[in-house]
Asks: 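Structure below; questions to follow.
Just follow the structure's listing: the first ligand is 1, and inside any ligand the first atom is 1. Computed from a prediction, not measured in an experiment: that's the story for all the values here.
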Amino acid sequence: MNEECGKCTAKIKQNETVIACSGTCKLQYHIRCVDLSSKDFQTLASLTNVKWFCNNCLLLFDKYMDLKNNIDVIASTVKIEMNKIYTAVKSKQSDLETPRSFAEVAGNTIIIKPKAKQDTKTTRSDITKNSIQQSWNWE
Ligand SMILES: [Zn+2]
Ligand SMILES: [Zn+2]
């Protein structure tokens with residue numbers, strides 16, 4: 001074994017009992033450096049579903065859990081807001097799906113545009129003169 005102990009940084013000797021951290025550090029520790037008795041170590045080693053974490057990784061894990069909790073709160077808030085938006089969109093969707101004629105949308109408005117630039121007054125008088133077809137583009 002060529003590794004150093006994550007705590008005392010001394011090279012790990014072959015006859016020394018070490019425990020590997022299951023956290024992100026992936027370091028090995030003398031069991032005496034992490035206050036584990038041989039008996040405790042044997043017990044830990046015999047349990048396949050139990051993982052051991054060094055103090056640094058435990059702290060990181062706590063921070064991670066805090067962060068995760070915050071994210072969960074944010075995520076559920078976002079979900080609630082998304083549902084509100086979804087409901088609002090759904091309620092408007094029937095409006096969009098119903099086919100509507102141009103007349104329905106625009107009401108009884110007719111848009112006409114003079115071929116030449118002129119003021120509104122002239123336009124009005126032109127319309128009343130009934131000479132629409134020659135002077136106007138219908139839209
Ligand atoms: Zn050590
Ligand atoms: Zn660790």
Asks: What protein N, O or S atoms come within a distance below 2.8 Å of the Zn ion (ligand 2), ordered by chain and number?
Replies: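 Checking every protein N, O and S atom gives C21 SG, C25 SG, C54 SG, C57 SG.
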Asks: Please set out all donor-acceptor pairs under 3.5 angstrom arising from side-chain atoms of residues 71-82, sequence neighbours excluded.
Replies:
{"residue": "D72", "atom": "OD2", "partner": "K68", "partner atom": "NZ", "Å": "3.1"}
{"residue": "S76", "atom": "OG", "partner": "D72", "partner atom": "O", "Å": "3.4"}
{"residue": "S76", "atom": "OG", "partner": "V73", "partner atom": "O", "Å": "2.9"}
{"residue": "T77", "atom": "OG1", "partner": "V73", "partner atom": "O", "Å": "2.8"}
{"residue": "E81", "atom": "OE2", "partner": "K84", "partner atom": "NZ", "Å": "3.2"}

Asks: Going through the checks in order, is the side-chain contact (heavy atoms from CB on, under 4.5 Å) test met by I19 and F41?
Replies: CA-CA 8 Å; I19 189 162; F41 173 75; 3.9 Å; yes
Asks: Are H30 and T17 side-chain neighbours, meaning at least one heavy-atom pair lies under 4.5 Å?
Replies: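 They are not in side-chain contact.
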Asks: Holding to side chain to side chain donor-acceptor pair (under 3.5 Å), I want the full list of residues that pass it with K39, two or more places apart in sequence or in another chain.
Replies: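 Per chain and number, K39 pairs via side chain to side chain donor-acceptor pair (under 3.5 Å) with no residue.
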Asks: Taking only residues two or more places apart in sequence, or in another chain, which ones meet N70 in a side chain to side chain donor-acceptor pair (under 3.5 Å)?
Replies: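 N70 satisfies side chain to side chain donor-acceptor pair (under 3.5 Å) with no residue once adjacent residues are dropped.
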Asks: Vertex the Zn ion (ligand 1): angle to SG of C33 and SG of C8, to 10°?
Replies: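 My answer is 110°, to the nearest 10°.
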Asks: Restricting to N/O/S, name the atom of H30 that gets closest to the Zn ion (ligand 1).
Replies: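 Per the distance ranking, H30 contributes ND1 as its closest N/O/S atom to the Zn ion (ligand 1).
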Asks: Using a strict 4.0 Å threshold on nitrogen-to-oxygen distance, state whether E3 and K11 make a salt bridge.
Replies: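 So E3 does not pair with K11 through a salt bridge.
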Asks: Testing the basics here: between C21 and Y29, what is the closest heavy-atom pair and its distance to 0.1 Å?
Replies: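 Distance-wise, the nearest heavy atoms are CB-CE1, 3.9 Å.
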